[in-house]
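The structure under discussion appears below in the form of structure tokens.
In what follows, every chain begins at residue 1, and chains take the letters A, B, ... in the order their sequences are listed.
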Number of protein chains: 2
Amino acid sequence: MVEPLEQLHTALKSHNQSWTRPRQIVFSALAGREPQTMHEIVSACAGQVDRASVYRIISLFERLGIVERLQIGWKYKLELSDAFHSHHHHLTCLSCGRVIPFDESAELEGHLQHIARSKNFVIQGHQLEIQGLCQACATKTAPAQVHKKTRNDMRPGR
Amino acid sequence: MVEPLEQLHTALKSHNQSWTRPRQIVFSALAGREPQTMHEIVSACAGQVDRASVYRIISLFERLGIVERLQIGWKYKLELSDAFHSHHHHLTCLSCGRVIPFDESAELEGHLQHIARSKNFVIQGHQLEIQGLCQACATKTAPAQVHKKTRNDMRPGR
DNA sequence: TTATTATTGCAAATTTGTCGCAATTTATGC
DNA sequence: GCATAAATTGCGACAAATTTGCAATAATAA
């Protein structure tokens, strides 16, 4: 198995991008973890990489296809992309916020191609996100309800 | 066909939520239009509903499943959800930004259920977004490239 | 209507994301 | 290696987006 940092090095080099310390640090903060919010990444790099640089680096990584952002309810999170993980999607629990990755089937892939063709559309990427309740929450929680008394000037569920 | 506002009334009532003027206005700003940015919605309600209230109302609508947000490149947009439209997804052109809606097939739906079951997950909703090039752009545009000299402290996307 | 409870508007505070520019690091060619 | 050119960072200042507290106002229930 290839070292993740090696892979980053290769990826940067192949795009004529510099191999720098901050980029390694940001990458490491992402590697092998659950998708994270920008805030979490910035915190993880605190003292080592400036906030503005984290943004610039994440932005670069996105353009290079090294990281991908996914929408988790109201916020977004970032994770290393398929080249560094395997292509997958997520089941997000609306109750506890847990993110469960899953692989996509060949049939599903085929469907997308079929849909795109019918619209004369050339697919370059896709996201599939499913929300619901994980086993733990499904059993202990009654179906989510919005109660009258509930404060509602807060964001919808993670 | 049911009046959209009637439908909103029913939806709010069924959740024990108040039927208020600001909510009707925000709803109307959304009804029958393309997905919009928060900014566009706030502008559409200018003078009628305060910005903070628009945020609170959209947030409520999301929790009630009245609106859904979808990621368009770096930004997000909001649209009325399936109950007020029909259930569908989008093909987004990375070149011109056009959004092409499409319906999902029964098979696709079946796949999702199958995947969820294998993880003991109860589905409550899902999003499927596809990016690529629409017919017009696919024919006239060469595939995007990342160049060395390109400034990289700007956002990716389109 | 009146009393009670939820929702709004407003102003102010946070949070997030950007920008310019000098200081520092990488990459390159001896 | 070492000097030089080019790219990347850190910093401080901004700007935009989103949230909050609270008093005023509108909606609901009796």
Side-chain angles (χ1 to χ4, degrees), chain A residues 8-9 12-27 29 36-43 45-64 66-67 69 71-78 146-156 158, chain B residues 8-9 12-27 29 36-43 45-64 66-67 69 71-78 146-157:
Chain A
L8 173 66
H9 191 177
L12 288 174
K13 281 312 179 183
S14 75
H15 284 286
N16 277 95
Q17 294 291 332
S18 306
W19 168 238
T20 72
R21 192 93 186 71
R23 289 174 186 180
Q24 297 166 39
I25 295 173
V26 171
F27 181 87
Q36 295 175 79
T37 61
M38 204 38 120
H39 182 72
E40 292 170 325
I41 299 169
V42 169
S43 301
C45 300
Q48 307 189 84
V49 188
D50 184 73
R51 190 160 53 98
S53 298
V54 172
Y55 275 93
R56 283 187 285 229
I57 291 170
I58 289 291
S59 168
L60 170 70
F61 283 2
E62 270 197 289
R63 266 175 301 121
L64 262 36
I66 294 172
V67 314
R69 72 174 47 204
Q71 206 60 22
I72 304 288
W74 198 250
K75 307 268 184 178
Y76 67 84
K77 293 192 176 182
L78 300 152
V146 176
H147 297 293
K148 173 99 172 169
K149 298 293 183 183
T150 300
R151 283 197 61 125
N152 60 1
D153 47 4
M154 49 177 294
R155 290 294 161 199
R158 290 142 345 125
Chain B
L8 172 66
H9 190 177
L12 287 174
K13 279 314 177 183
S14 74
H15 285 286
N16 277 94
Q17 293 291 333
S18 307
W19 169 239
T20 72
R21 192 94 185 70
R23 289 174 186 181
Q24 296 167 39
I25 295 172
V26 171
F27 180 87
Q36 295 175 77
T37 61
M38 200 44 116
H39 183 73
E40 291 170 326
I41 298 169
V42 169
S43 301
C45 299
Q48 307 188 82
V49 188
D50 185 72
R51 193 154 34 98
S53 299
V54 173
Y55 274 94
R56 284 187 283 229
I57 290 169
I58 290 290
S59 167
L60 171 70
F61 283 3
E62 271 197 288
R63 268 175 298 124
L64 298 182
I66 294 171
V67 313
R69 70 176 46 206
Q71 207 60 20
I72 305 287
W74 201 245
K75 309 257 186 182
Y76 67 80
K77 293 193 176 182
L78 300 151
V146 176
H147 296 293
K148 169 100 174 170
K149 297 295 182 184
T150 300
R151 282 198 61 122
N152 59 3
D153 47 5
M154 51 177 292
R155 291 292 161 200

N/O-N/O pairs, protein side and nucleotides 9-12 of chain C side, under 3.5 Å:
residue: C:dG9; atom: OP1; partner: B:Gln48; partner atom: O; Å: 3.2
residue: C:dG9; atom: OP2; partner: B:Asp50; partner atom: N; Å: 3.1
residue: C:dG9; atom: OP2; partner: B:Ser53; partner atom: OG; Å: 2.7
residue: C:dG9; atom: N7; partner: B:Arg56; partner atom: NH2; Å: 2.8
residue: C:dG9; atom: O6; partner: B:Arg56; partner atom: NH1; Å: 3.4
residue: C:dG9; atom: O6; partner: B:Arg56; partner atom: NH2; Å: 3.1

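Nearest heavy atom pair, residue B:Ser18 against residue B:Leu12, reads O-CD1, 3.5 Å. Residue A:Ile58 comes nearest to A:Val67 through the heavy atom pair O-CG2, 4.0 Å, listed as atom of the first residue, atom of the second, then distance. For the pair B:Leu8 and B:Gln24, the tightest heavy-atom approach, listed with the atom from each and the gap, is CD2-CA, 4.2 Å.
Taking only side-chain nitrogens and oxygens, B:Arg23 comes nearer than 4.0 Å to OP1 or OP2 of C:dT7. Between B:Tyr55 and C:dT15 there is no side-chain N or O to OP1 or OP2 distance below 4.0 Å. Taking 4.0 angstrom as the limit, A:Gln17 places a side-chain polar atom (N or O) nearer than this to OP1 or OP2 of D:dT8.
Atom CG in A:Leu64 sits 10.0 Å away from atom OG in A:Ser59 (nearest 0.5 Å).
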Show me the donor-acceptor pairs within less than 3.5 Å that the side chains of residues 36-43 of chain A make with the rest of the protein, sequence neighbours left out.
residue: A:Gln36; atom: NE2; partner: A:Ala29; partner atom: O; Å: 2.7
residue: A:Thr37; atom: OG1; partner: A:Glu40; partner atom: N; Å: 3.0
residue: A:Thr37; atom: OG1; partner: A:Glu40; partner atom: OE1; Å: 3.4
residue: A:Glu40; atom: OE1; partner: A:Thr37; partner atom: N; Å: 2.7
residue: A:Ser43; atom: OG; partner: A:His39; partner atom: O; Å: 2.9

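Proximity of A:Phe61 to A:Leu78: side-chain heavy atoms (C-beta onward) are nowhere separated by under 4.5 Å. Proximity of B:Gln17 to B:Arg23: side-chain heavy atoms (C-beta onward) are separated by under 4.5 Å at one or more points.
Taking atom CZ of B:Arg63 as the reference point, atom C1' of C:dA6 lies 13 Å away to the nearest angstrom. We find that CD1 of B:Ile58 is positioned 16 Å from C1' of C:dT7, with the value rounded to whole Å. Atom NE2 in A:His15 sits roughly 18 Å away from atom C1' in D:dT8 (whole-Å rounding). A straight line from CD of A:Gln24 to P of D:dT8 spans 14 Å, rounded to a whole angstrom. Rounded to whole angstrom, the span from the CG atom of B:Leu12 across to the P atom of C:dA6 amounts to 15 Å. Taking atom OH on B:Tyr76 and atom P on D:dA17, their separation rounds to 9 Å, with Å as the unit. Atom P of nucleotide D:dA27 and atom CG of B:Leu60 are separated by 15 Å, given to the nearest angstrom.
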Item to check | Dot-bracket encoding per residue of DNA chain C, Watson-Crick/G-U cut-off under 3.5 Å, | denoting interstrand | outcome: ||||||||||||||||||||||||||||||
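Closest contact between the side chain of B:Met38 and the listed nucleotides D:dT18, C:dT26, C:dG17 involves D:dT18. Closest contact between the side chain of A:Lys13 and the listed nucleotides C:dA27, C:dT7, D:dT9 involves C:dA27. The side chain of B:Ser18 approaches C:dT7 more closely than any other nucleotide in the set D:dT8, C:dT16, C:dT7.
Mapping B:His39 and B:Trp19 onto DNA chain D by nearest heavy atom places B:His39 closer to the 5' end of the strand.
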Item to check | Pair A:Arg63-A:Leu60, side chain to side chain contact (heavy atoms under 4.5 Å, CB included): steps then yes or no | outcome: CA-CA 5 Å; A:Arg63 266 175 301 121; A:Leu60 170 70; 3.8 Å; yes
